[in-house]
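Residue numbers start from 1 in every chain, and the chains themselves are labelled A, B, ... in the order their sequence lines are given, proteins ahead of strands.
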Amino acid sequence: MSVEDLLAGLNPQQREAVQCTEGPLLVLAGAGSGKTRVLTHRVAWLIGACGIAPESILAVTFTNKAAGEMRGRVEKLLGPAAREVWLSTFHSSCARILRRDIPHLERRRDFAIYDDADSLATAKQVLKSRNLPAGNPEARRLRWQIDQWKNAGLRPEDAAERARDFEAEQSAELYGGYQRLLVRANALDFGDLLLCTTLLFRQHPQVLEHYRERWQYILVDEYQDTNHVQYQLVNLLAGEHRNLCVVGDPDQSIYAWRGANIRNILHFERDYNEARVVKLEQNYRSTQHILSGAGAVVANNTGRPDKQMVAVRGDGEKISLYEARDDRDEARFVVKRILALQREEQRAGGDFAVFYRTNAQSRPIEEELLRCNLPYVVVGGVRFYERAEVKDALAYLRLLVNRADNQALRRIIGRPARGIGRASLDRAQTLADQRGLSLFEGLRLLAGAGGRSAAPIRGFIELMESLARDAAQGSPADGLSLLLDRSGYLHALRKESTPDAEARHENLRELIASAEDFAETDAGANGADGRSAIGRFLDQVALVSDIDNANLRSESVSLMTVHSAKGLEFPVVFLAGLEEDLFPHKASSYDEDKIAEERRLCYVGMTRAMERLTLTYAQERRRFGSHTYAVPSRFLAEIPAEFLAAQSPGQRLTHAHDRSYAHDPADSDYDQTPPPPPGEPPDAVRPGSRVRHPLYGPGEVLEATGHGPRQKLRIRFDRFGVKKIVVRYANLQFG
DNA sequence: TCCAATGTGCTTTTT
DNA sequence: GCACATTGGA
């Protein structure tokens, strides 16, 4: 492939982002602007045109899917040389670094990686050991706090130092206890992977130097979602040579609640004052109406760099809006629309996606899809690797490679039941605590002391030792089969002989199959770390649990939360449940920053749509079992009417009389043809005058500030209560 | 140690 | 309304 080919099909801004290889570069890549294209071509350009060695390039993404996609596309451009590029997620990069260099921090290389459930269980253990309430809420709160600290780059002693009140002091102390438990279990949680790597770099400059020399060019994707440790990590690595390219879109920052700091991208030019900035403002995905509608929503946020996204695909259809009577009516409408579009436009099921704010909303839509025999996939929800039986099998495997893995041991000791109960476990834990040993060693001591539980414990220890002899060095798939058999797990499952047990058995077979798949791609891959195949399999499972987005392109309609939709695109998108307290979510409604994030989330959802976008909301919705009345989301009012299609009577599912209790027929904008274009707004609207809003209907102006189109009004709507409205966006009718 | 009955509390969740 | 976790009894 020639050097010119590496630039083929790129627009001038994209070319600039690809060719500007030296020094810091910020690429502000709006939704659908070809961000992945730029990243992959940039990597290819560095290697193919600048002669940079592939192994000198580090490219980090947030998801394995993004990393895999990038790798595939770079390989397509360059061939096998692309394999030498270090291209992975933040977390797996850190895991790989630590597998090599964590001994500098006095820790062992063969650490286990704890998932959320393990961390939560550990948090409970700390609370219990301090005789504090150790229920779910308390443990989750502690977990969250520890996570925040880790994301901020703080160790327990740092947290303690900053504590200003008793509660913070106590939490910091608990953080320390939690950390000691992790060390004793020879385990790292997700946050540790990042935090330990930054500590490693700070405390051991020669290690940092090694990686700095190795990675002369660094690329970071989704920079708007980086948290503080990730920010530190990137700066440590790139601070010297400053060949750092970050790509992102401040308007798509939707993970602040998990510690992401939008200021990392907003302040990039301050951090690297010689930085070049390239804005990608051509959108190749959506039509202009969709783009402008979404842009108008997010424009209500303050403190964002302005950008003007332009669609290369033309205006397209306007955004549709549907007011449903309740959540079931909403589901019926969505499914009916899908069926109609399949018929009229010969669309495949895979062209459609339904997004919602919360997972609970999928249910009525699923029911309706089921009723109409439309195949669908729910993305997210209960993940494969989180199924109890899959976690059980993996816990056996974990205990096999790391005897100190206390959470794994606690999980499987009673599965199947083998006569070792709470009492024995508590005694073993006490013995272990006294001597600073692992729970496994505690059990060994307890068995040695005789007593009723000695025999079953000995049996369990022998089981683990026999498995260690016969399975630990083999393939992960063989190991799984053997341990499921010898532990009696399969036997117990078969004995149940319920459909549910059969399903669990099936999941275990699937797990073994995935272990076999792993072995095929694993051969020779990073084998230098001296770990067993099982150890590598467990890493992959812990860090790559984002399994099969494979079905997305099939015949099935996709259902997912707006968060999961990030990075995806679909020809036809439905965004459901646009109601106050749902989207924006109630928990966000008291905080402007949180509302701003909800707004960005809405922007992300809308900009996934390529050709058609439909927004729906319900007047009434079942929540937590009871009915609640809903008010349309403020985000709907933020979309200028010029981008919205009026509802045509033909699209109605419910009859007018079904809804008459809520709508005065005289002011129904939805059942009738579109209202005549509004007259020019008067120069200044006075309090007391009557207005009509396309969404909220008639109302009375209470208060007015400013002049002309920029004027802000406070209006009491006859049906929806008091709202603040900006005249320019509201498409009000006066008079 | 196990089971059933009762209680509770519910956003999002790249890794 | 439902999933779960904890509790109390056998």
Side-chain angles (χ1 to χ4, degrees), chain A residues 60-68 88-95 113-117 119-121 124 133-140 143-144 147 150-151 188-195 221-222 224-227 229-230 252-260 327 355-361 363-364 379-383 385-386 388 413-414 416-425 452-453 456 539-546 549 560-568 577 581-589 594 597-598 600-602 604-605 621-627:
Chain A
V60 260
T61 63
F62 272 81
T63 67
N64 294 290
K65 210 180 117 222
S88 64
T89 65
F90 270 105
H91 288 82
S92 26
S93 297
C94 288
I113 298 171
Y114 268 12
D115 65 14
D116 281 339
S119 309
L120 191 70
K124 278 187 187 168
N136 247 342
E138 291 85 2
R140 279 171 76 164
R143 247 290 288 164
W144 183 84
D147 216 43
K150 288 186 175 177
N151 286 336
L188 270 67
D189 64 15
F190 286 135
D192 280 340
L193 292 172
L194 305 172
L195 181 55
D221 190 16
E222 308 274 21
Q224 79 280 356
D225 284 330
T226 49
N227 63 32
V229 225
Q230 288 163 331
Q252 293 186 66
S253 162
I254 55 173
Y255 283 102
W257 55 277
R258 288 187 92 206
D327 43 1
F355 303 152
Y356 33 77
R357 177 69 238 267
T358 65
N359 277 311
Q361 288 167 257
R363 185 169 230 150
V379 178
V382 196
R383 300 158 129 82
Y385 286 106
E386 277 166 25
I413 190 88
R418 45 170 68 89
I420 307 171
R422 264 238 347 235
S424 308
L425 218 51
R452 197 156 29 132
S453 60
D539 272 13
Q540 142 127 355
V541 168
L543 300 173
V544 187
S545 40
D546 170 65
N549 300 286
M560 67 191 86
T561 63
V562 192
H563 280 92
S564 311
K566 191 171 149 194
L568 302 176
D581 291 346
L582 185 59
F583 198 2
H585 198 272
K586 193 174 177 103
S588 300
S589 59
K594 287 183 177 171
E597 180 149 311
E598 297 275 333
R600 292 191 293 267
L601 192 57
C602 184
V604 167
R621 185 176 292 276
R622 283 173 88 95
R623 285 184 89 187
F624 307 142
S626 52
H627 291 267

For this session: Respond yes when some side-chain nitrogen or oxygen of A:Ser92 is under 4.0 Å from OP1 or OP2 of B:dT15, and no when none is.
Result: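 No.
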For this session: Considering just the side-chain nitrogens and oxygens of A:Lys124, establish if one lies under 4.0 Å of OP1 or OP2 belonging to C:dT6.
Result: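 The answer is yes; a side-chain N or O of A:Lys124 sits under 4.0 Å from OP1 or OP2.
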Quick one: [X] [atom1] to [N] [atom2], roughly how many Å, whole number?
| X | N | atom1 | atom2 | answer |
| --- | --- | --- | --- | --- |
| A:Leu188 | B:dT15 | CG | P | 18 Å |
| A:Leu195 | B:dT15 | CG | C1' | 15 Å |
| A:Tyr356 | B:dT12 | OH | P | 10 Å |
| A:His563 | B:dT15 | NE2 | P | 14 Å |
| A:Arg621 | C:dG1 | CZ | C1' | 15 Å |
| A:Asp225 | B:dT13 | CG | P | 14 Å |
| A:Asp115 | B:dT13 | CG | C1' | 13 Å |
| A:Arg622 | C:dC2 | CZ | P | 8 Å |

Exercise. Under 4.0 angstrom, heavy atoms only, what part of the nucleic acid is A:Tyr255 near: base, sugar-phosphate, or nothing?
Worked result: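 Counting heavy atoms under 4.0 Å across all strands, the contact made by A:Tyr255 includes a base.
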For this session: For A:Asp147, enumerate each residue passing the side chain to side chain contact (heavy atoms under 4.5 Å, CB included) test, keeping only those at least two apart in sequence or located in another chain.
Result: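 Scan of A:Asp147 (side chain to side chain contact (heavy atoms under 4.5 Å, CB included), adjacent residues dropped) gives A:Arg143, A:Asn151.
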Exercise. Mind checking what makes side chain to side chain contact (heavy atoms under 4.5 Å, CB included) contact with A:Glu597, not counting sequence neighbours?
Worked result: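 Per chain and number, A:Glu597 pairs via side chain to side chain contact (heavy atoms under 4.5 Å, CB included) with A:Ala256, A:Trp257, A:Arg600.
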For this session: Rounded to the nearest 0.5 Å, what's the gap from CD on A:Gln361 to CZ on A:Arg622? Could you check?
Result: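 Here the interatomic distance stands at 14.5 Å.
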Exercise. Which value, rounded to the nearest 0.5 Å, describes the distance between A:Ile254 atom CD1 and A:Glu222 atom CD?
Worked result: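 Output value for this atom pair is 8.5 Å.
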For this session: Could you tell me whether a side-chain N or O of A:Tyr114 sits under 3.5 Å from a main-chain N or O of A:Phe190, the two making a donor and an acceptor?
Result: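 Not at all, since once roles are kept as given, no pair shorter than 3.5 Å links the two residues.
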Exercise. Is the backbone N or O of A:His585 less than 3.5 Å from a side-chain atom of A:Glu598, with the two atoms forming a donor-acceptor pair by type?
Worked result: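 Yes; judged by distance alone, with no hydrogens or angles, the pair exists.
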Problem set entry | Integer angstrom distance from the C1' of B:dT12 to that of C:dA5 |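 That atom pair is separated by 23 Å.
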For this session: Please state the C1' separation for the pair B:dT11 and C:dT6 - nearest whole angstrom.
Result: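 Rounded to whole Å, the distance is 24 Å.
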Problem set entry | Stepwise side-chain contact (heavy atoms from CB on, under 4.5 Å) check, A:Leu601 with A:His563 | CA-CA 7 Å; A:Leu601 192 57; A:His563 280 92; 3.5 Å; yes
For this session: Ignoring hydrogens and angles, answer whether the base of B:dT15 and the side-chain atoms of A:Arg258 contain a donor-acceptor pair closer than 3.5 Å.
Result: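 Check passes, donor-acceptor contact within cut-off.
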Problem set entry | Chi-based syn or anti call at B:dT11, which uses purine or pyrimidine torsion atoms and a 90° bound |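 You should classify B:dT11 as syn.
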Exercise. Which one, B:dT12, C:dC2, B:dT15, comes nearest to the side chain of A:Arg363?
Worked result: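 The listed nucleotide nearest to A:Arg363's side chain is C:dC2.
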At a cut-off of 3.5 Å, list every protein nitrogen or oxygen paired with a nitrogen or oxygen from nucleotides 8-11 of chain B, distance to 0.1 Å.
residue, atom, partner, partner atom, Å
B:dT11, O4', A:His585, NE2, 3.2

